[in-house]
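Proteins come first, then strands; the chains are lettered A, B, ... in the order of their sequence lines, and each starts at number 1. Basis for what follows: all heavy atoms, side chains included, without hydrogens, waters or symmetry-related copies.
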2 protein chains.
Amino acid sequence: MQTHFTIDCVILTFDEGQLKVLLAERNEYPYKDWWALPGYFVNKYEEMADAVARILFEMTGLKDIYMDQLAAFAGVKRHPEGRILTVAYMALVQMEEVKNKISSGSTYMRQLKWFPVTELPDLAFDHKDIIELSLDRLKKTVTFSTTPYELLPAKFTLTQLQQVYEALLHKQLDKRNFRKKINNLGYLKELNEFQKGVSYRAAKLYSFDKKKFHKIFSQD
Amino acid sequence: MQTHFTIDCVILTFDEGQLKVLLAERNEYPYKDWWALPGYFVNKYEEMADAVARILFEMTGLKDIYMDQLAAFAGVKRHPEGRILTVAYMALVQMEEVKNKISSGSTYMRQLKWFPVTELPDLAFDHKDIIELSLDRLKKTVTFSTTPYELLPAKFTLTQLQQVYEALLHKQLDKRNFRKKINNLGYLKELNEFQKGVSYRAAKLYSFDKKKFHKIFSQD
DNA sequence: ACAAAAGTGTTGCGTGTACACCCATGC
DNA sequence: GCATGGGTGTACACGCAACACTTTTGT
């Protein structure tokens with residue numbers, strides 16, 4: 001037996017203090033006019049990794065983004081025209097880096113838009129399940145991973161970092177304890193720069209030191 | 001584009017102090033006479049969960065086993081006759097419970113056999129990658145999960161439990177510290193029974209208290 | 001001056017780790 | 001009586017949680 005086979009992309013970012021996911025408004029049946037994850041069919045002789053990169057680019061204009069496989073979804077009824085197996089991938093991106101690159105190069109969808117994960121519209125297919133699974137996955141891997149830094153610009157304040165942790169973990173953290181812990185991690189670089197354009201005391205900026213991070217976690 | 005679609009099962013157990021995986025000797029081309037994971041094609045109108053249960057039963061004789069999705073593998077060249085997408089599932093079973101139930105009801109394979117994960121034979125397709133991924137997954141989820149208890153008989157000694165942890169984590173643990181930690185978990189029942197048939201001091205038996213476990217971990 | 005967010009220390013408690021010897025049993 | 005694994009305690013270091021006030025800046 002054979003099945004159609006697609007890739008769907010869960011692209012997450014952090015913006016305005018919350019986690020957001022990139023959705024596409026469909027321009028085709030089924031689910032025309034519904035919001036859905038950007039995704040499309042895999043070609044016959046195409047490796048999955050290549051298909052993921054191609055589909056991501058065609059649907060969103062994004063390139064060179066590391067995508068992690070989330071899971072396969074293959075419910076017989078998930079697509080009204082018969083089973084379509086989809087392999088969902090997820091990626092974390094920095095809003096500043098991508099916001100000018102995003103464009104729907106496909107007539108298959110009408111527009112792309114970021115939605116806070118706490119305020120999702122009705123979604124096509126089982127895409128809501130897919131997003132929820134990606135958030136679970138994220139929650140499990142926050143600590144001791146580069147996850148938070150993939151969501152932030154290269155220079156960020158400690159408050160922003162704390163907000164990312166809070167959004168990922170779904171709970172409030174204590175400011176002093178958070179800063180103490182972060183300091184002890186040893187892979188944050190304190191910069192001699194400050195926030196600009198705020199009407200209150202400007203916060204110091206920090207950056208993530210990838211080299212130090214890998215040095216610390218390379219001994220298994 | 002359409003693709004063939006199979007399920008492969010990674011069935012793990014703990015026996016003779018080591019982790020073992022159930023493999024099948026293939027009786028069909030390609031890879032005739034090679035060892036492979038038990039697996040087969042999904043039917044057209046079959047839900048994945050149903051397919052997993054059916055294939056597991058047909059290939060191994062096992063029933064009512066909870067299987068977790070591991071990942072989809074879809075390399076164009078993984079099968080010599082063209083792409084066959086496989087969704088790998090994994091499960092943990094207790095040797096005592098299954099050892100008399102295992103039988104290959106399919107002519108598709110010649111025999112089933114348990115292999116220590118540290119001594120795998122050459123494997124068909126990309127099945128070695130699949131097994132390695134399952135072991136990685138396991139390692140990440142040992143602590144604070146029921147994983148170890150799924151691999152052990154209902155009554156077990158603390159030394160057996162420690163061996164399971166050591167096999168899963170790939171490292172040696174200190175006996176006293178291990179026991180202290182285990183005691184503090186609060187979901188082990190100390191039984192008034194002892195090991196039998198050993199030529200040394202018989203160890204006390206313990207059992208896993210599922211109710212207490214869930215009580216402890218239910219507050220999120 | 002006021003609003004807004006930045007920044008800063010101490011203490012108690014629990015958990016992880018290192019480490020070595022006696023005990024019970026079957027043969 | 002000997003071989004084999006079962007079973008036990010203490011001391012130190014470290015990380016986590018609880019908790020409130022002063023400082024800086026722009027308007």
**Rounded distance (nearest 0.5 Å) linking atom CD of A:Gln69 with atom CD1 of A:Ile7** = 8.0 Å
**Request:** Using the closest heavy atom to pick a nucleotide of DNA chain D for each, name whichever of A:Arg201 or A:Lys171 lands nearer the 5' end.
**Result:** A:Lys171
**Message:** Without decimals, in angstroms, what is the distance between A:Leu173 CG and D:dG15 P?
**Reply:** 18 Å
**Prompt:** So, A:Arg110 and A:Asp33, do they make that salt bridge, N to O below 4.0 Å?
**Reply:** yes
**Asked** Is A:Val21 close to A:Ile11 at the side-chain level, that is, under 4.5 Å between some pair of heavy atoms?
**Response** no
**Item:** Residues B:Lys171 and B:Glu166 bridged, charged N to O under 4.0 Å
**Value:** no
**Message:** In this structure, how many angstroms lie between the C1' atom of D:dG7 and the CD atom of B:Gln195, rounded?
**Reply:** 13 Å
**Item:** Which residue lies more 5' along DNA chain C, comparing A:Ser199 with A:Arg176 via nearest heavy atoms
**Value:** A:Ser199
**Asked** Any ion pair linking B:Glu97 and B:Lys101 (charged N to carboxylate O, less than 4.0 Å)?
**Response** no
**Asked** How long is the gap from CE on B:Met109 to CH2 on B:Trp35, to the nearest 0.5 Å?
**Response** 10.0 Å
**Asked** Within the structure shown, what part of the strands sits under 4.0 Å from B:Thr159 by heavy-atom distance: base, sugar-phosphate, or nothing?
**Response** sugar-phosphate
**Message:** Heavy atoms only, 4.0 Å cut-off, all strands: where does A:Lys204 land among base, sugar-phosphate and nothing?
**Reply:** sugar-phosphate
**Asked** To the nearest angstrom, how far is B:Phe194 atom CZ from D:dG6 atom C1'?
**Response** 11 Å
**Fill in**
Its 5'-most and 3'-most nucleotides having an atom under 4.0 Å from a non-hydrogen atom of chain A, DNA chain C is contacted over C:dA4 to C:dT10
**Asked** Tell me: CG of B:Asn177 to P of D:dT8, nearest whole Å?
**Response** 14 Å
**Atom pair distance, as rounded to whole Å: CG in A:Asn183 and P in D:dC14** = 17 Å
**Prompt:** Within the pair B:Arg179 and D:dG7, is there a side-chain N or O less than 4.0 Å away from OP1 or OP2?
**Reply:** yes
**Message:** The side chain of A:Tyr200 is closest to which nucleotide in this list: D:dG9, D:dG7, D:dT25?
**Reply:** D:dT25
**Message:** I need the minimum non-hydrogen distance between A:Phe5 and A:Val87, along with the two atoms involved.
**Reply:** CE1-CG2, 3.7 Å
**Fill in**
Rounded to whole Å, the CD-C1' distance (B:Gln160 to D:dG5) equals 13 Å
**Fill in**
B:Gln163 CD to D:dG6 C1', in whole Å, measures 13 Å
**Message:** Could you tell me how far apart A:Asn184 (CG) and D:dG15 (P) are, to the nearest whole angstrom?
**Reply:** 6 Å
